[in-house]
Amino acid sequence: MHVVLARSRGEILATIFDDHGILLEPAHVIDSLAVEVARRERSARERARWVWDDTSRWYPQLLREGVRVERCVDLRLCHAILRGSALTATSALARSSQDEWSLASPEPRVVVRAATLFDDDDEDGAGPASADPIAEFLRQRAAVGTAQDPARISRLLSAESAGALVAAEIRFAGLPWRTEAHESLLERVLGPRPRGDERPEHMVEQLERVRAELSAPDLNPDSPPELLRALGRAGIQAESTRSWELQNIDHPAIEPLLAYKKMARLLSANGWAWLEANVVSGRFHPDYVPGGVVTGRWASKGGGGALQLPKQVRGAVIADAGWKLVVADAAQLEPRILAALPADRGMAEAGASGDLYAGIVASGAVDTRDHAKVAMLGAMYGATSGESGRLLPRLAKSYPRAIAYVEAAARAGERGEIVTTRLGRSSPRGASADYDETATAADVVRARNQARSWGRFTRNFVVQGTAAEWALCWMAGLRGRLRALGGDIGLVHEPHLVFFLHDEVVVHAPAHLAERVGEEIRAAAADAGRLLFADLPVDFPLTVAIVDTYAEAK
DNA sequence: TATTTAAGCGCC
DNA sequence: AAAGGGCGCTTAAATA
């Protein structure tokens, strides 16, 4: 059963359809959404799927009222997939022109109130909310119906929508963050917190060494052009001031300079200011954007930088007393996806031992584990030169199916065609790099480079996008399993997801349930593998760590 | 002065 | 070691 929710002049309307899309109850006003949702969610018989324009506009309020939703359809996210997918390209939806459903989600206003984060829901705001969700719901069902294998795209839509629920729940619950631990880390690395915006002590010390070694007493190291000039005057010919380039230079100024840069990064990205802005009541609330990346990966927004939390500060992520963090990481996910996509049995076998790269060495394709890794990265990203490019042919010889698969994706992109992930997310169409007889040699070169660059994108798209689908299925399944394990006593009282990082999840769990959480995470990973690849002999092993602090994992 | 772009670096 | 895919954020520099 589907319950389509709409807002109209301050009221909430529900329209109910059965699983075949037949109208059961016409639109009627709901007095209290939380009461209505809670009632239907309790009914084992009904199995409601809530259909709404945008999960981030509906679900946070329900969570604050203590109500969880098992299943939903996020019309905006599903629309984006259906509009672009090769599997539904002939549908009316895909052939229609851009409309309000194609637009990005409007910015929900967020205010800090009483030391808690709230979304300041603008209930009558513009955006998709003003469009008719019933018409869109029916249009999307029709689009799915045009697919040759509707189960495939349906699975993707379910996973995408479940991901939106997960993102909202993670944001609501937050990642346990110990301010004192973070502060003591900052003091250890940077020195005491300075007044105002002065440089911390330890940065000043390193900077003075740099200035002395470069004979540049007034150097501002935060200005790349100025730094480059100072280096030049000291006889250092650097192309840029990037750390990895400076690393190779033998000069007494380099070591303190790199130390300074490292500290400057910590200070500006995750220093005291970050802590004050992003940690509220012992929780960091990641602001994920499901489907925010073309490949289907999540993006994040806001100063929290959820997807870029440096390893350096993860020691501040500490489980509550009596609780544990269960950290699980899908080992070598993308190479395994690459093996699974074309059912490359040889590569799948290489991964069966647990270390895919070691397996590739054992098969004799390359000599060392490092070579295996670099060669695989080259296959997935499209290396054109260097060691990676040289190793690629050896990989192609041993694993022709896998390499042919990504090569085909690259060629398709170069021809201006779209490519599609396992479950049916398609790449955008690249700008065609055509040229005619009037083109100069430079134009031709430019067009060719552009085509190759787009080919590297489509090559990576199928792997990264399918890996993202796997991760969505993994989390969606895990979410259900955790709720069952927790006994439905409330999100933050049960084991619950608190962090996600492309191929890694963190669950905050009562200590006595931590072992069982680990088992559920593994079971969910096995389910995800089957959801994407049925009974193909490819497994997706995990490393699972039960820890008190995130820094202990890996 | 305000906004946009580029450099640099963090994550996968 | 630093090539090749995807991001977001902060700061400084460039532009309006």
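By convention in this document, chain letters (A, B, ...) are assigned in the order of the sequence lines, proteins followed by strands, and residues within each chain are numbered from 1. Computed over heavy atoms, backbone and side chain alike; hydrogens, waters and symmetry mates excluded.
Evaluation of the side chain to side chain contact (heavy atoms under 4.5 Å, CB included) rule for A:Pro192 yields A:Glu201 as partners, not counting sequence neighbours. Partners of A:Arg229 according to the salt bridge (Lys or Arg N to Asp or Glu O under 4.0 Å) rule, which considers only residues two or more places apart in sequence or in another chain, do not exist here. For A:Arg209, the salt bridge (Lys or Arg N to Asp or Glu O under 4.0 Å) partners at least two apart in sequence or on another chain are A:Glu255. Listed by chain and residue number, nothing satisfies the ring pair (Phe, Tyr, Trp, His ring centres under 6.0 Å) test with A:Tyr357 (two or more places apart in sequence, or in another chain). For the side chain to side chain contact (heavy atoms under 4.5 Å, CB included) test, residues two or more places apart in sequence or in another chain that qualify with A:Asp539 are A:Arg336, A:Pro541. Residues that satisfy the side chain to side chain contact (heavy atoms under 4.5 Å, CB included) test with A:Phe172, not counting sequence neighbours, are A:Leu63, A:Arg64, A:Leu491, A:Val492. Qualifying salt bridge (Lys or Arg N to Asp or Glu O under 4.0 Å) partners for A:Asp222, counting only residues two or more places apart in sequence or in other chains: A:Arg199. Judged as a side chain to side chain contact (heavy atoms under 4.5 Å, CB included), and not counting sequence neighbours, the contacts of A:Thr458 are A:Val419, A:Ser427, A:Trp454.
Side-chain atoms of A:His502 lie closest to C:dG6 of the nucleotides C:dG4, C:dG6, B:dC9. Side chain of A:Gln308, nearest nucleotide from B:dG8, B:dG10, B:dC12: B:dG10.
Distance CD (A:Gln332) to C1' (B:dC12): 14 Å, rounded to an integer number of Å. The nearest whole Å value for the distance from the NZ atom in A:Lys261 to the C1' atom in B:dG8 is 7 Å. A straight line from CZ of A:Phe461 to C1' of C:dG5 spans 12 Å, rounded to a whole angstrom. Rounded to whole angstrom, the span from the CG atom of A:Leu227 across to the P atom of B:dC9 amounts to 10 Å. Taking atom CG on A:Asn460 and atom P on C:dC7, their separation rounds to 10 Å, with Å as the unit. Atoms OH (A:Tyr288) and C1' (C:dG8) sit 13 Å apart, rounded to a whole Å. To the nearest angstrom, C1' of C:dC7 lies 13 Å from CZ of A:Phe500. At whole-Å resolution of the value, CG in A:Leu266 and C1' in B:dC9 are 12 Å apart.
Across all strands shown, A:Arg390 has no heavy atoms under 4.0 Å from either base or sugar-phosphate atoms. At a threshold of 4.0 angstrom between heavy atoms, the contacts of A:Leu333 with the nucleic acid are absent. As judged by a 4.0 angstrom heavy-atom cut-off over every strand, A:Lys373 is placed among residues making no nucleic acid contact.
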Protein-nucleotides 1-6 of chain B N/O pairs under 3.5 Å:
none

Can you tabulate the close N/O pairs, meaning under 3.5 Å, that link protein atoms to atoms of nucleotides 10-16 of chain C?
| residue | atom | partner | partner atom | Å |
| --- | --- | --- | --- | --- |
| C:dA13 | OP1 | A:Ser223 | OG | 2.4 |

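Looking only at atom types and distance, the side chain of A:Ser388 has no donor-acceptor partner in the side chain of A:Tyr381 under 3.5 Å away.
Taking side-chain N and O atoms only, A:Lys262 has a distance below 4.0 Å to OP1 or OP2 of B:dG10. Considering only side-chain N and O atoms, A:Lys311 lies under 4.0 angstrom from the phosphate OP1 or OP2 of B:dC12. Between B:dG8 and A:Thr241, a contact under 4.0 Å exists linking OP1 or OP2 to a side-chain N or O.
Contacts between residues 290-299 of chain A and DNA chain C, defined by a heavy-atom separation below 4.0 Å, involve A:Val293, A:Val294, A:Arg297, A:Ala299, listed by number.
The one candidate from A:Gln464, A:Glu469, A:Arg152 that meets the side-chain hydrogen bond (donor to acceptor under 3.5 Å, both in side chains) condition with A:Thr421 is A:Glu469.
For C:dG4, the base is not stacked against the aromatic ring of A:Tyr381, per a cut-off of 5.5 Å between centres and 30° between planes.
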Under 3.5 Å, side-chain donor or acceptor atoms of residues 304-318 of chain A against the rest of the protein: list the pairs with distances, not counting sequence neighbours.
| residue | atom | partner | partner atom | Å |
| --- | --- | --- | --- | --- |
| A:Arg314 | NE | A:Leu309 | O | 3.3 |
| A:Arg314 | NH2 | A:Leu309 | O | 2.9 |

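Between A:Leu325 and A:His508 there is a side-chain heavy-atom pair separated by less than 4.5 Å.
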